[in-house]
Structure formats: structure tokens, C-alpha cells
2 protein chains.
Amino acid sequence: MYIEKFGCDMRGMLSFLILFLLSKKPMYGEEIAAELEKRRGIKPKAGTLYPALKELKKNGLIKGEKKGKIIVYSLTPEGHKTAKYTKEYFCKCFGDVFKD
Amino acid sequence: MYIEKFGCDMRGMLSFLILFLLSKKPMYGEEIAAELEKRRGIKPKAGTLYPALKELKKNGLIKGEKKGKIIVYSLTPEGHKTAKYTKEYFCKCFGDVFKD
DNA sequence: AAGCATATATAGGATATCCAATATTGGACA
DNA sequence: TGTCCAATATTGGATATCCTATATATGCTT
């Protein structure tokens, strides 16, 4: 796989992707993991995903609502605002990558 | 700045950005640094940029041609191929971030 | 030729990022 | 009620990523 040969697996984008996904609709852990797998080809392990969610919660960007066994995560108002700004930042950085 | 509050500075995308920039045109170090600053708001330090270039060169993706004081970097054939694949990967991951 | 600024380079270390392994929780269903 | 499974969670550590500080090289100006 060329990504591996490249030596850059685009680490550091996990939290951004999670925030972006939740900005589209609330999801629970396994849903998020499945969506990430569809995009990146790699499914984040539990020890990767949940600490990331915990950090986002700690920063007040997402909240978790318990629905029986699962926890549905969604953005807080602060999270929406941050998602908006980070998306703008992202577009400024990478906007023209898509125009090829 | 919201990126800081977010706690995600999108690390891990530096090499990808460099590869992408060089896929558009050959550049030397300071040119690359300036372009990165324009996009990210932060200019990479010498101790960040040159090791990254060295790694890309080691992997056979870029080559450096000395022109007096400066070194002009450009993609190798392998680098072009890798840029193409990484761009596709990138689009698969983040393609819909721009549709908002 | 000497001094200076710019460009490139390296070593060492701090932090971020992620995973493996393991633990816990809650519901389903016998 | 007890067992099983899926979902969530935590700890500890490995690696990636980047910066600070420092060093080297090259060309320009005087």
C-alpha cells in the first residue's frame, strides 16, 4: 500500500475526523469506528477511539448520552463552533488537493 | 485560536503537504516553508522541514538539485506515483469535508 | 579577503498519537 | 439468576512528529 511506503499515515487527523463525523449526525462508538474504517481502510482500535472521545468530551466539544448499553455522542454548541472553525482551517490547508 | 483549543493541530500531514506542493512545481526549502505558512498559519522551523525533506528523499520520492546556494526539490517518478495514490487516499478520507 | 545573511543540515529531546492488552459495564437470553 | 456478548473504558508503552539549539555551507557586499 502506497500510504505505508510513503511513511505518512496521516496521523493526527483522527480527532478532526471524529468531530467532523459527529457534526453530520450523532453516533455511538462502534458506528464511528465503522465509518472511520470505511474512509481510512483501517478501523481504530478501542484503545484509540475511546481515549479520543474522552479527550473531546473533556474539552467540552462533545457529550455522551447513554441509551441502554450504548452511548450516543453528539456535538455541544462549543463543538459545533469548533467544527466550523477547524473545517475552515482544513480547507485553507488542503482545499486545492481536490481540484485535480 | 480554535485549532489549539481543539487540541488537534493536524500533525502528521506535513509530509503529505510537502509532497502535494512539490507535485505542483519544484521548490526549494524556504519556498516550501513560506507556502506552508500561508496555508497553516505556522511556518515550519528548519529543524522540522529539512528532516522531512531528508526522509522523503530517503524514500526515493523527491530529489534535490543544487542551484548555487539553494537546493531545488522535485518529485521523482516514484514520488509522482505516490502523490497520486496519497491524494486518492486523502480524498476518500476527507472528500466530503468540502461540501459544506 | 572578511564579515554577514541566507539556506541547509543534524542531534537531542518533548509531546502527540496510536495500539495491545486488559478491565468493566449493561443487556440478551437461556 | 447466571452466562455470554457487545460496547465502553483504562493503562502502559511504542512510535511518529515536531521543535530548540546548534552547526555547516554558500553567495553577496564591502
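Model, not experiment: these values are computed from the prediction.
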Fill in: Rounded interatomic separation in angstrom, taking NZ from Lys54(A) and C1' from dC18(C)
16 Å
Worksheet item: What distance do Glu30(A) atom CD and Ile32(A) atom CD1 have between them, rounded to the nearest 0.5 Å?
Response: 9.5 Å
Worksheet, complete the sentence: Of the listed dT10(C), dT15(D), dT26(D), the closest approach to the Arg11(A) side chain comes from dT15(D)
Worksheet, complete the sentence: Rounded to the nearest 0.5 angstrom, the CD-CG distance for Glu78(A) and Asn59(A) is 9.5 Å
Worksheet item: Do Leu36(A) and Ile62(A) sit in the same hydrophobic cluster, where Ile, Leu, Val, Met, Phe, Trp and Tyr count as joined when their side-chain heavy atoms come under 4.5 Å apart?
Response: yes
Worksheet item: For the pair made of CE in Met10(A) and P in dT17(D), what is the distance, rounded to whole Å?
Response: 11 Å
Item to complete: Using atom NZ of Lys58(A) as one end and atom P of dT10(D) as the other, report the distance to the nearest whole Å.
Response: 12 Å
Item to complete: Nearest whole angstrom, please: distance from the C1' of dA9(D) to the CD1 of Ile62(A).
Response: 14 Å
Practice prompt. Please tell me which of Leu49(A) and Tyr50(B) maps to the more 5' nucleotide of DNA chain C, matching each residue to the nucleotide holding its nearest heavy atom.
Written response: Tyr50(B)
Practice prompt. Could you pick out which residue, Thr48(A) or Lys57(B), lies toward the 5' side of DNA chain C when each is mapped onto its nearest nucleotide?
Written response: Lys57(B)
Response to the item:
Looking only at dT15(C), dA9(D), dT8(C), the nucleotide nearest the Ala46(A) side chain is dA9(D)
Worksheet item: Listed by chain and number, what are the side chain to side chain contact (heavy atoms under 4.5 Å, CB included) partners of Lys25(A), not counting sequence neighbours?
Response: Met27(A), Glu31(A)
Worksheet item: Tell me: NZ of Lys66(B) to C1' of dT6(C), nearest whole Å?
Response: 14 Å
Worksheet entry | Gap between atoms CG and C1', on Leu36(B) and dC18(D) respectively (whole Å) | 13 Å
Worksheet item: Parallel, tilted or perpendicular: which fits the ring planes of Phe94(B) and Phe16(A), with parallel below 30° and perpendicular above 60°?
Response: tilted
Discussion item. Distance check needed: dC19(C) P versus Ile42(A) CD1, whole Å only.
Written reply: 7 Å
Worksheet item: For Thr76(A), what residues pass the side chain to side chain donor-acceptor pair (under 3.5 Å) criterion, not counting sequence neighbours?
Response: none
Worksheet item: Touch check for Gly29(B), heavy atoms < 4.0 angstrom, all strands: base, sugar-phosphate only, or nothing?
Response: sugar-phosphate
Item to complete: Measure from NZ on Lys67(B) to P on dT8(C) and round the result to the nearest Å.
Response: 12 Å
Worksheet item: Among residues 68-75 of chain A, which residues get a heavy atom nearer than 4.0 Å to DNA chain C?
Response: Gly68(A), Lys69(A)
Item to complete: Could you tell me whether Lys92(A) and Glu88(A) make a salt bridge, using a distance below 4.0 angstrom between a side-chain N and a carboxylate O?
Response: no
Worksheet item: Within the structure shown, what part of the strands sits under 4.0 Å from Lys45(B) by heavy-atom distance: base, sugar-phosphate, or nothing?
Response: base
